[in-house]
> 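Sharing a structure, written as structure tokens. Questions coming.
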Number of protein chains: 2
Amino acid sequence: MKKPKLADVAKLAEVSPTTVSRVLNDRGYIGEKTRKKVYAAMEELNYYPNEIARSLFINKTFIVGVIFPTTSNPFYGQLIYHLENVCESLGYKVLLCNSGGREDKERAYLEMLQRHQVDGIIAGAHNRGIDLYKKSRMPIVSFDRILADHIPVVSSDNYRGGELATQHLIDRGCKKIIHINGPRELETPANLRRDAYEDTMKKNNLPYRTYEISDTYLEDLFNENLDLEAVFASDDMIASKVINEAKNRGIRVPEDLKVIGYDGAEAVRMLLPDLSTIQQPIEEIARVSVEILMEQINQSDNFEVKNVTLPVELIKGKTT
Amino acid sequence: MKKPKLADVAKLAEVSPTTVSRVLNDRGYIGEKTRKKVYAAMEELNYYPNEIARSLFINKTFIVGVIFPTTSNPFYGQLIYHLENVCESLGYKVLLCNSGGREDKERAYLEMLQRHQVDGIIAGAHNRGIDLYKKSRMPIVSFDRILADHIPVVSSDNYRGGELATQHLIDRGCKKIIHINGPRELETPANLRRDAYEDTMKKNNLPYRTYEISDTYLEDLFNENLDLEAVFASDDMIASKVINEAKNRGIRVPEDLKVIGYDGAEAVRMLLPDLSTIQQPIEEIARVSVEILMEQINQSDNFEVKNVTLPVELIKGKTT
DNA sequence: ATTAATATGTCAACCGGTTGACATATTACG
DNA sequence: CGTAATATGTCAACCGGTTGACATATTAAT
């Protein structure tokens with residue numbers, strides 16, 4: 001029993017295929033009784049118009065590809081949730097791509113999305129070496145990653161966030177403050193968090209030191225800094241690890257060690273309500289990203305690249 | 001400058017469209033030099049075959065629709081991550097649908113997925129009242145929800161999980177143990193957690209009481225049970241809330257109150273490594289779900305419905 | 001009664017590949 | 001050298017809707 005097609009509906013409703021199409025798309029003149037007959041036939045046959053056929057003809061899929069490391073991470077999970085929500089409200093669907101931080105996967109996804117004729121892409125995963133981003137004439141918006149000159153970047157105010165976090169720790173009386181961040185090589189605005197940390201420390205005549213994520217950064221951090229007073233972690237997961245390691249070593253938080261994280265995803269705030277953090281406006285990021293993508297999609301000719309930076313907020317918890 | 005099509009490639013490579021198609025699909029005889037010429041032309045034109053056109057013809061999209069409440073929740077986030085991974089490894093793409101627990105959205109998504117000719121659906125959101133699931137002849141696999149007779153259900157061993165959790169608390173010497181769960185109306189295997197809790201308490205001649213999620217369940221729980229010794233929460237987020245509320249009330253965990261959760265998502269384990277919980281085999285759930293879906297897709301004729309229950313594991317943390 | 005608006009039908013081209021039938025040319029092998 | 005295998009081309013139908021052109025019929029307004 002094959003899927004019913006438009007012609008089947010037409011036959012059952014005793015009208016022409018054109019009329020059915022007219023009903024479906026609400027164009028031209030349609031009489032009330034005809035419309036009803038058609039709908040009744042669709043109902044009876046359990047008919048769903050084939051979007052694929054439609055997409056082929058109108059040369060538009062109303063699909064947006066979304067590439068991020070993983071939905072497993074609460075921050076990305078929430079961001080993707082909102083992205084999907086905003087897209088849905090505009091009649092767009094989301095093709096989900098978890099790159100898992102692997103460049104080869106990201107490249108494969110990018111190619112897949114092109115083949116699949118998505119109308120646009122929102123990416124916030126890798127960056128380097130993916131020349132496809134540069135070659136592509138596809139509407140793209142990037143989150144927190146510089147992909148190419150012609151690709152707009154949406155991010156929250158990473159510099160300000162770094163500043164807020166660092167200054168907050170200093171205000172709390174800390175002098176020996178360490179920062180933990182991802183590898184510098186990634187050309188991401190998130191490096192600004194690090195710059196802000198270092199600048200702020202310099203400005204206050206304090207020594208600074210940034211640890212990059214590695215297999216042993218946690219032990220190194222504690223072993224090499226016995227006089228440690230505070231840690232500014234570049235995300236909440238890391239902050240949580242620091243706190244746990246401290247606990248294991250009998251170091252009290254916040255009495256002996258103050259810790260502040262970054263991101264402030266809903267789930268994390270629920271699980272660790274005490275954690276001080278810099279909250280990114282996740283929903284806003286999603287909204288703006290889709291907005292800019294839509295501008296590109298709808299007027300690909302006179303679209304001018306604009307980067308957007310959204311404000312962050314310091315959440316003073318009990319870990320600082 | 002429009003997208004290049006197969007015919008453009010053919011022209012540039014000086015071969016016939018049929019030959020290009022042959023190269024693309026590796027059918028029939030193709031000479032080495034021709035193949036190279038064609039690939040070179042594709043490269044030069046930056047050509048990507050139009051999957052939409054292909055899908056239309058072969059009547060298959062290699063897309064799987066995935067409907068869950070939200071990627072924002074670490075458990076679903078991780079589950080979806082793995083689902084996407086498994087699908088990708090089989091050449092399938094994932095259309096993401098966040099129902100947000102709203103039945104109307106779920107219904108709309110279901111319809112959208114049909115229109116979009118997805119090859120199958122994996123759903124773990126609502127259940128009642130969505131007759132579309134029943135009417136649909138589409139390959140579907142459900143996670144933890146009974147949708148219809150002909151739809152296979154994958155879940156972890158909820159009864160065993162409830163048993164493990166409850167017994168663990170009893171073993172720890174608790175007598176006054178409360179359970180918190182979602183509304184009973186949902187016909188989900190997760191109700192088995194509740195049944196197991198109640199059965200186990202009965203078996204041990206202990207009083208039992210289940211709180212259903214509401215606006216005030218947390219306060220009620222503490223106010224109505226001053227002699228409370230332990231809580232078995234039906235997921236880790238709730239467990240975390242209980243722990244925090246306890247802290248706010250000056251109740252020590254685990255000394256005064258023991259708490260065990262449910263799910264054991266990676267992110268949660270990282271953020272709350274001390275939390276005792278029942279760990280669901282998330283990756284395994286994803287693998288099996290996709291596996292069963294593929295069986296349906298590939299042999300929709302003689303497919304027999306089978307429900308699968310996967311083992312859970314008790315994680316003894318420091319909150320019990 | 002005439003004209004205009006409304007309602008529906010027929011037909012064919014098109015979106016961009018895929019596929020089978022069939023023809024033809026080149027190469028390889030016994 | 002002849003036959004078979006290999007290589008490529010032409011052509012047309014098809015997947016399931018969409019759309020414009022055009023024809024015709026019914027209804028409404030003047």
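The sequence lines fix the lettering, A, B, ..., with proteins before strands; numbering per chain opens at 1.
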> Rounding to a whole Å, what distance do you find between A:L56:CG and C:dC15:C1'?
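My rounded result for the distance is 4 Å.
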> Counting only Watson-Crick pairs (N1-N3 plus N6-O4 or O6-N4) and G-U wobbles (N1-O2, O6-N3), all under 3.5 Å, who is the partner of D:dC22?
C:dG9
> So, are A:D26 and A:R35 salt-bridged, with charged N and O less than 4.0 Å apart?
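Yes, this pair counts.
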> Expressed in angstrom and rounded to an integer, what is the separation of B:E32 atom CD from C:dA28 atom P?
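Going from CD in B:E32 over to P in C:dA28 covers 14 Å.
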> By the 4.0 Å heavy-atom rule, please label A:K33 as base, sugar-phosphate, or nothing.
sugar-phosphate
> Rounded to whole Å, please give me the gap between CD1 in B:I30 and P in D:dG9.
12 Å
> To the nearest Å, give me how far apart NZ (B:K3) and P (C:dC15) are.
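Between P of C:dC15 and NZ of B:K3: 14 Å.
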> Is the distance from OP1 or OP2 of C:dG16 to the nearest side-chain N or O of B:K2 less than 4.0 Å?
yes
> Give a yes or no on whether B:E266 atom CD has more than 12 heavy-atom contacts from other residues, nucleotides or ligands under 6.0 Å away.
no
> If you measure from the Lys or Arg side-chain nitrogens to the Asp or Glu carboxylate oxygens, is any gap between B:E111 and B:R107 under 4.0 Å?
no
> Does A:Y29 put a side-chain nitrogen or oxygen below 4.0 Å from OP1 or OP2 of C:dA7?
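Answer is no, no contact under 4.0 Å.
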> How would you summarise protein contacts on nucleotides 17-24 of chain C per nucleotide, using B for base, S for sugar-phosphate only and - for none, with heavy-atom distances below 4.0 Å?
BBBSB---
> Please identify which of these residues, A:T61, A:V118, A:I297, A:V290, meets the side chain to side chain contact (heavy atoms under 4.5 Å, CB included) condition with A:Y92.
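Of all the options given, the one that passes is A:I297.
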> Could you check B:V86, B:L310, B:L83 and say which one makes a side chain to side chain contact (heavy atoms under 4.5 Å, CB included) with B:R287?
B:V86
> Kindly give the heavy-atom pair with the smallest separation between B:S155 and B:D144, and that separation in Å.
CB-OD1, 2.7 Å
